[in-house]
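Structure record follows, encoded as structure tokens.
Fair warning: this is a prediction, and the values are worked out from it, not measured in the lab. Order of the sequence lines sets the chain letters (A, B, ...), proteins ahead of strands, with each chain counted from 1.
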Number of protein chains: 2
Amino acid sequence: MNAAVQPLRTASERSAPPGETDASALDAIGALPRETLGERVTGELRTLLVAGRLAPGEKLSLRRVAEALGVSMMPVREAVSRLAADGALEVLPGRAVRVPVLSLAQFRELTRLRLVVEGFAAEEAARQATPADIDRIVAFDAAFRQAASADPPDSAAAVAANRDLHFALYEAAAMPSLIEMIERLWLKAGPILNLDMRHEPRRLEGGSAMQAHARLLEAVRRRDAPAARAALEDDIAAAAAHIAETGQLRA
Amino acid sequence: MNAAVQPLRTASERSAPPGETDASALDAIGALPRETLGERVTGELRTLLVAGRLAPGEKLSLRRVAEALGVSMMPVREAVSRLAADGALEVLPGRAVRVPVLSLAQFRELTRLRLVVEGFAAEEAARQATPADIDRIVAFDAAFRQAASADPPDSAAAVAANRDLHFALYEAAAMPSLIEMIERLWLKAGPILNLDMRHEPRRLEGGSAMQAHARLLEAVRRRDAPAARAALEDDIAAAAAHIAETGQLRA
DNA sequence: CCAACCTAACTGTGATCACAGATCACGACA
DNA sequence: TGTCGTGATCTGTGATCACAGTTAGGTTGG
């Protein structure tokens with residue numbers, strides 16, 4: 001069922017640091033990542049969701065995911081609990097857990113919220129972006145361009161680059177809670193959005209996304225917040241319109 | 001430690017419907033509530049958090065909460081997992097789980113996000129509100145007025161009425177995901193906001209909240225979206241300014 | 001009198017087991 | 001042929017146990 005789920009052995013990769021007493025060396029090492037298994041499973045599922053590799057309506061089984069990842073059922077339960085709390089997954093009453101199937105109304109609401117929230121983030125990013133931020137955005141824009149312009153288009157790479165581009169922009173706003181909000185929106189809309197981009201790479205050829213990205217980048221360079229918002233809104237609206245027309249949404 | 005946590009016995013309140021075959025009777029009964037224990041614990045903790053009855057920095061113990069609620073540790077783990085994913089609780093690396101202590105910068109970011117998101121909700125509510133919606137808002141406004149004007153002010157009732165008033169407004173916008181977003185913001189800001197209102201009920205006497213509510217209500221009645229947003233923004237900003245001055249926030 | 005050690009209690013995490021309820025396929029009855 | 005009952009199988013939920021890591025309190029040694 002879940003061929004997309006990669007093994008994730010419980011490798012205890014915390015290498016015990018030897019008895020080192022040199023102060024300079026101790027200062028150099030940072031706090032080691034101390035990530036719990038449940039968090040890693042959560043991250044794994046999140047990645048699959050925003051990438052559209054788990055299709056809407058697809059059913060997951062705690063035991064199967066646990067087996068596929070090489071862990072017990074416990075961490076998977078925790079991950080599913082969190083994602084279900086975010087609305088990224090839904091647990092049917094007594095049945096199974098599955099990727100939510102959005103209705104057209106729900107998708108429209110999500111799009112409106114994205115326009116408000118991500119539009120605000122774009123404005124703030126245009127005001128606060130550092131040269132380093134802009135460099136990162138430029139890099140991801142180039143990656144997206146290359147993936148979208150290839151023949152045939154590399155849809156997987158385009159999806160990833162598109163995500164990186166957007167979040168590089170939002171991170172320039174330097175508002176952590178804002179980014180969390182946007183991630184939650186992407187988690188909900190990701191399955192349809194990216195499933196579509198993955199299945200219909202021809203949409204990339206239209207170039208509307210690349211055009212919007214170019215205008216966005218230009219606006220950020222000029223620190224023109226309203227223009228950045230406008231460009232981003234066009235990007236979101238164009239993708240949403242395409243989904244609303246051709247996507248598979250519930251009535 | 002958690003005297004605030006109310007017992008929550010595992011009462012199986014699902015009354016088995018008798019073998020009724022009358023079609024009209026079958027149509028009348030709705031789906032019975034089927035709530036899992038973990039969800040009830042989550043709701044219990046959410047209520048305590050937004051009401052400010054769990055103070056920032058307060059530490060929780062899974063076992064103690066479980067014992068206080070009369071359930072096993074398992075549902076509490078699930079509830080804490082969800083709330084931690086929302087940032088409403090935080091789990092220290094290897095230590096304990098506690099209510100987050102916001103820094104001044106984090107609180108300011110939350111306030112800005114509230115202005116954006118709840119401001120949008122107020123606009124939309126002003127456009128979409130039905131007479132029934134307005135009636136509900138009026139009722140909660142009256143309750144808030146009464147609690148705040150009493151001598152001494154009934155801070156607990158004021159906190160509850162204030163919450164009900166705001167969410168009655170937001171629900172008039174008829175955008176479920178928007179309400180989830182706002183609830184998450186309140187979950188983060190609630191502990192300081194309402195802890196403050198609870199400890200310093202004198203702030204209520206200033207009447208700035210009541211004045212803002214009155215303007216808000218008037219704007220909704222007139223279907224004046226910009227005015228509704230302005231009134232709500234004043235309400236949020238006034239409370240936030242008071243916290244930033246006197247509240248206990250980390251540097 | 002203060003600091004360092006050490007032990008006992010407690011923490012969240014993960015695994016395993018038990019169970020009620022839902023699903024699905026097969027077969028009996030009408 | 002169509003429909004309902006029925007059983008095996010699988011689902012998520014909850015409880016219990018085991019464990020490594022941390023914390024706090026008391027004690028010892030300086």
Side-chain angles (χ1 to χ4, degrees), chain A residues 1-2 8-17 31-45 57-85 88-100, chain B residues 1-2 8-17 19 21 31-45 57-85 88-100:
Chain A
M1 175 194 287
N2 300 312
L8 176 75
R9 303 274 160 215
T10 166
S12 76
E13 58 202 18
R14 309 168 193 170
S15 60
L32 38 127
R34 301 256 298 172
E35 197 178 11
T36 184
L37 267 181
E39 292 170 0
R40 289 178 59 183
V41 175
T42 306
E44 197 73 15
L45 292 179
E58 183 168 348
K59 280 187 289 187
L60 296 183
S61 158
L62 297 190
R63 288 176 175 82
R64 295 193 121 86
V65 175
E67 193 177 3
L69 264 50
V71 299
S72 150
M73 214 172 70
M74 213 55 222
V76 180
R77 281 174 67 173
E78 187 180 329
V80 169
S81 271
R82 296 182 181 184
L83 294 170
L89 291 176
E90 64 180 3
V91 290
L92 288 298
R95 312 176 184 181
V97 34
R98 68 170 194 183
V99 182
Chain B
M1 176 191 287
N2 300 311
L8 178 73
R9 306 272 159 215
T10 164
S12 76
E13 57 202 19
R14 310 168 193 169
S15 60
T21 57
L32 36 127
R34 302 255 297 171
E35 195 179 13
T36 183
L37 266 182
E39 291 170 1
R40 288 179 58 183
V41 176
T42 306
E44 197 74 17
L45 291 179
E58 184 169 348
K59 281 187 289 188
L60 296 183
S61 159
L62 298 189
R63 289 175 174 84
R64 296 191 121 87
V65 175
E67 192 177 2
L69 264 51
V71 300
S72 148
M73 216 172 66
M74 212 54 222
V76 181
R77 282 174 68 173
E78 187 181 328
V80 169
S81 273
R82 296 183 181 183
L83 293 171
L89 291 177
E90 64 180 2
V91 289
L92 288 300
R95 310 178 185 181
V97 35
R98 68 170 192 183
V99 182

Q. In whole angstroms, how far is the P atom of D:dG14 from the CE atom of A:Met73?
A. 12 Å

**Q.** Nearest-nucleotide comparison on DNA chain D, the residue closer to the 5′ end among A:Leu92 and B:Pro75
**A.** A:Leu92

Q | Residue whose closest nucleotide on DNA chain D lies nearer the 5' end, B:Ser72 versus A:Ala96 | A | A:Ala96

(Q) If the condition is side chain to side chain contact (heavy atoms under 4.5 Å, CB included), which residues does A:Ser81 pass it with, not counting sequence neighbours? (A) B:Glu78, B:Arg82

Q) When you check the phosphate oxygens OP1 and OP2 of C:dG12, does a side-chain N or O of A:Thr36 lie under 4.0 Å from one of them? A) no

Q: Classify the side chain of A:Arg63 versus the base of D:dG12 as yes if they form a donor-acceptor pair under 3.5 Å and no if they do not.
A: yes

Q. Does B:Val97 or B:Met74 map to a spot on DNA chain C nearer the 5' end, using the closest nucleotide for each?
A. B:Val97

Scan nucleotides 22-24 of chain D against the protein and return all N/O pairs shorter than 3.5 Å with their distances rounded to 0.1 Å.
residue, atom, partner, partner atom, Å
D:dT23, OP1, B:Arg95, NE, 2.7

Q.
Measuring from atom CG of A:Leu62 to atom CZ of A:Arg64, what distance do you get when rounded to the nearest 0.5 angstrom?
A. 11.5 Å

**Q.** B:Leu62 side-chain proximity, nearest of C:dG14, C:dG12, D:dG14
**A.** C:dG12

**Q.** Side chain of B:Glu78 - closest among D:dG14, D:dG12, C:dG14
**A.** D:dG14

Q: State the CD-OG distance between B:Glu67 and B:Ser72, to the nearest 0.5 angstrom.
A: 12.0 Å

Q | Gap between atoms CZ and C1', on A:Arg40 and C:dT13 respectively (whole Å) | A | 14 Å

Q | Donor-acceptor pair present, A:Arg77 side chain and D:dG14 base, under 3.5 Å | A | yes

Q) A:Glu67 has an atom CD; how far is it from atom P of C:dT16, in whole Å? A) 13 Å

